[in-house]
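Let me begin by presenting the structure, written as structure tokens, before commenting on it.
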Amino acid sequence: MLSRRTLLRAAALLPAVPVLAPGTAYAAIPSLPAVDRRSFAPHEQRFAPYLATLAPMVNDMDGSGFFAGGWWRNPAAPYNARVQEHVFTLAWFHANARPWNPYAGDAGLLAALDAALGHYLSLQHADGSFPEYSRDQHGLAPTGFGLGYLAKTLRVLRASGALPARQAQLTAALRKAMTWFLDGGNPVVWQEHLTWANQTASGLAGASVALGLDPDPALSARLTEAFARIATTGLSSAGFFHEEGGHDMNYNFEVMLPELADAYHHNPDPHLVDLARAFTGFLSYNLLREPDGAGYLVNVAPSTRTSTRWYDEVRPDPDRTALNWTFTRQVPLLSAFMTAREDLAGARAAWAASAEPVTPLAKQDTSPRILTHGLLGERFPSRRQRAAAIADLPYLRSSDFVELRRDRGQDFLYVRKPGLYLGGYFGDRASRARTGLTFLWHPDAGTIICGVNNNNHACWSTVFPGQVPDSNGSLPATYFHGAPGGREWTGGRPPAALGIRYGNPDVTTDVLITRRTIRRTVRANAAATEQIPLVLRPDDVLTFTDGTRAAFGGSTTATADGFDVRRGRTTIRFRWGTPMQATVAAGSLHYFRDNSRRFHALRIPHQGTFELTVIMG
């Protein structure tokens, strides 16, 4: 281990960094005329758009080493340490010779990296933390993610022998950051229930890398304690990872789980596998497989922060979930949600054969995590392994269950009957989530209804004038054997018919679920509108009971007592008994990369009392 005196002496020997006038561009490297797709090995294709982005990003740097230009993270301000995370990107391209990488060994790129590291490290506070939203903030995310990027940058520099004095500074900075981050009494990082579990996990992954480079028994012991701690503070009793008071699919599946995988590569602590297994169980109820092979729709209504609505069957590079393959041996069910290796190979072959130019990434969409996780190898499941995992999904393995998962006043309900799979989110609403019934899936037709979070026009709700849905608030629920109001169901063997009663002071909704039917009865204290977020395909046949044919992608109004969706050989019937004016109107939301599905709202105004029966064909 380097002594403090050695570190200070090395820091004093740092080469001078060119200082330009404020706002002056740090023009360090030439732009590429083109990127040759065929020169990339398949597993390194993810580097191609970053190669095209490198010169524009570096040449936007100012004289202080700040990554100006707004390429990564907001606020795009010199005090935001997260903006500087692309030091890893610069280090990798400088250190790694490839036939397609003209920047390997480039002196201008090395000077830019030196300046960027100088600015990055100048932001570190005396206690080891870094700021994000203001210069004096001692931030969880900038320190957690910073640990990873700085440690991986140090590893690249040591392997290449570049910037030895910066290496010494990085070693000291990482030790300070870990000391702050791994302190179990630090309330910024650790709470009884973590507020931002993905950010805490990122710091543990970074510390795993850093301690692999510079072992420290005391900090290693703290890291082991931290893995045990996050297994209880970061994991909900419902099986998800805590994010802003609830669950968020994007941060859970695309950030938290890959960060745990990153940590596991460098420190195979068994708590990490336990966390992956618990979350995969929760995931298996909330990703809705489409029978036509398009991929999975997301039960996104309960998500608290972001609005990821689908995952394609084949997710080519860059795929933020790619590193999740790490846990597929210990958690085989996770293979259901990965791209099969044969399909990924096909996508990569098509990418290499394309004549389309490789263009720079859009600003803000330049995550360096894509690169760091791509360095840890690949072991994607085969089609056969993936198919076996898909067959083991709860709602495909069984046609009769009621799963109720609870966490701090929130209920996550999943009801499977032979002709349907229904989801609900009840109780205390978290942030951007939407409560009430959230999705309806059919074994042959796939998803017919799927609500969206953070959107009052695309949730399954009773909507009051001014577009005020009951689902944009807390909706406590009670569950029954049979019709609501009878004997309560509190768990155990699923009843033949499940009743749900939920509501607020303005509206009460009763739901009765049988083998192929859902009956929903609404009693509101004023006139309202029943709103149903349909997920439709262009080949669906949409017909009101008065014979009016609804137009996919348009808006159609009819006076009828029902509405049918015919998909293939399956017809889903919506019936409300009394002829009323009803409208089916397309929204702007699409699903899957090929836009093969589109959101349409079915809206039926009523005087405050309404009964809807959905009959699954």
Side-chain angles (χ1 to χ4, degrees), residues 25-61 65-73 76 82-117 120 148-150 152-157 159-160 162-163 258 315-320 322-323 344-345 347-378:
Y26 196 99
I29 59 176
S31 297
L32 292 177
V35 174
D36 182 2
R37 291 171 179 258
R38 296 166 299 175
S39 63
F40 288 81
H43 70 281
E44 289 187 341
Q45 288 178 1
R46 73 193 72 197
F47 284 85
Y50 290 84
L51 177 65
T53 307
L54 188 66
M57 183 168 62
V58 169
N59 295 338
D60 270 348
M61 289 173 60
F66 164 58
F67 280 103
W71 287 95
W72 178 235
R73 306 302 301 185
R82 297 219 57 189
V83 173
Q84 299 299 110
E85 290 169 356
H86 272 296
V87 293
F88 171 82
T89 307
L90 273 58
W92 193 92
F93 277 102
H94 177 266
N96 287 275
R98 297 289 189 275
W100 45 263
N101 179 18
Y103 300 117
D106 184 270
L109 180 58
L110 184 63
L113 171 60
D114 192 21
L117 282 168
Y120 199 166
Y149 292 117
L150 291 173
K152 291 166 186 174
T153 299
L154 175 59
R155 184 169 58 188
V156 171
L157 293 178
S160 65
L163 303 179
R315 299 194 294 279
D317 305 310
D319 173 15
R320 298 202 328 155
L323 196 59
L344 183 58
R348 286 172 169 172
W351 182 90
S354 173
E356 292 292 319
V358 177
T359 58
L361 296 165
K363 289 188 176 183
Q364 295 296 309
D365 189 22
T366 66
S367 172
R369 291 175 63 247
I370 298 295
L371 304 185
T372 63
H373 287 178
L375 303 178
L376 296 175
E378 294 182 348

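Remark: side-chain polar atoms of Tyr103 are not paired, donor with acceptor, to backbone N or O of Asn96 under 3.5 angstrom. Listed for the Gln45 side chain is no donor-acceptor partner under 3.5 Å among the backbone atoms of Asp317. Under a 3.5 Å cut-off, the side chain of Tyr149 and the backbone N or O of Arg369 do form a donor-acceptor pair. Of the possible donor and acceptor atoms, one in the side chain of Thr53 sits under 3.5 Å from a partner among the backbone N and O of Leu361. For the pair Gln84 (side chain) and Phe67 (backbone), a donor-acceptor distance under 3.5 Å is present. Panel note: side chain Gln364, backbone Gly70; a donor-acceptor pair is recorded below 3.5 Å.
Between Ala116 and Val87 the shortest heavy-atom distance is CB-CG1, 3.8 Å. Residues Pro368 and Thr89 approach most closely at CB-OG1, 3.8 Å, considering heavy atoms. In this structure, Ser160 and Ala95 approach most closely via the heavy-atom pair CB-CB, 3.9 Å. In this structure, Ser31 and Asn59 approach most closely via the heavy-atom pair OG-ND2, 4.4 Å. Here the closest heavy-atom approach between residue Ala104 and residue Ala97 is recorded as CB-CA, 3.8 Å. The nearest pair of heavy atoms linking Arg315 to Leu344 is O-CD1, 4.1 Å.
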- Query: Does the pair Arg73 and Glu85 meet the rule for a salt bridge (Lys or Arg N to Asp or Glu O under 4.0 Å), with working shown?
  - Reply: CA-CA 9 Å; Arg73 306 302 301 185; Glu85 290 169 356; 5.5 Å; no
- Task: Evaluate the criterion side chain to side chain contact (heavy atoms under 4.5 Å, CB included) for residue pair His373 and Arg320; output intermediate values, then yes/no.
- Result: CA-CA 9 Å; His373 287 178; Arg320 298 202 328 155; over 6 Å; no
- List the steps and the verdict of side chain to side chain contact (heavy atoms under 4.5 Å, CB included) for Leu51 and Leu32. CA-CA 8 Å; Leu51 177 65; Leu32 292 177; 3.5 Å; yes
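We find the CZ-CZ distance between Phe40 and Arg348 to be 13.0 Å, quoted to the nearest 0.5 Å. A distance of 8.0 Å separates CE in Met57 from CD1 in Ile29, rounded to the nearest 0.5 Å. Rounding to the nearest 0.5 Å places CG of Leu371 at 5.0 Å from OH of Tyr50. With rounding to the nearest 0.5 Å, the separation of OH in Tyr120 from CZ in Arg82 is 8.0 Å. The structure places CG of Asn101 at 9.5 Å from CD of Glu44, a figure rounded to the nearest 0.5 Å.
In this structure, the side chains of Val35 and Thr359 stay at 4.5 Å or more apart for every pair of heavy atoms. The closest side-chain heavy-atom distance from Ser354 to Arg37 is below 4.5 Å. By the 4.5 Å heavy-atom criterion applied to side chains, Leu110 and Asp114 are not counted as neighbours. Considering only heavy atoms from C-beta on, Asp106 stays 4.5 Å or farther from Phe93 through its side chain. Looking at Phe88 and Leu375, their side chains come closer than 4.5 Å, going by heavy atoms from C-beta outward. Side-chain contact between Leu157 and Leu113: present, with at least one pair of heavy atoms (C-beta onward) separated by less than 4.5 Å. For the pair Leu323 and Leu376, the minimum side-chain heavy-atom distance is below 4.5 Å. Inter-residue side-chain proximity for Asp60 and Lys363 is flagged as met; some heavy-atom pair is nearer than 4.5 Å.
For the residue pair Thr366/His86, the side-chain donor-acceptor check at 3.5 Å is satisfied.
With sequence neighbours excluded, the residues satisfying ring pair (Phe, Tyr, Trp, His ring centres under 6.0 Å) with Phe47 are Trp92.
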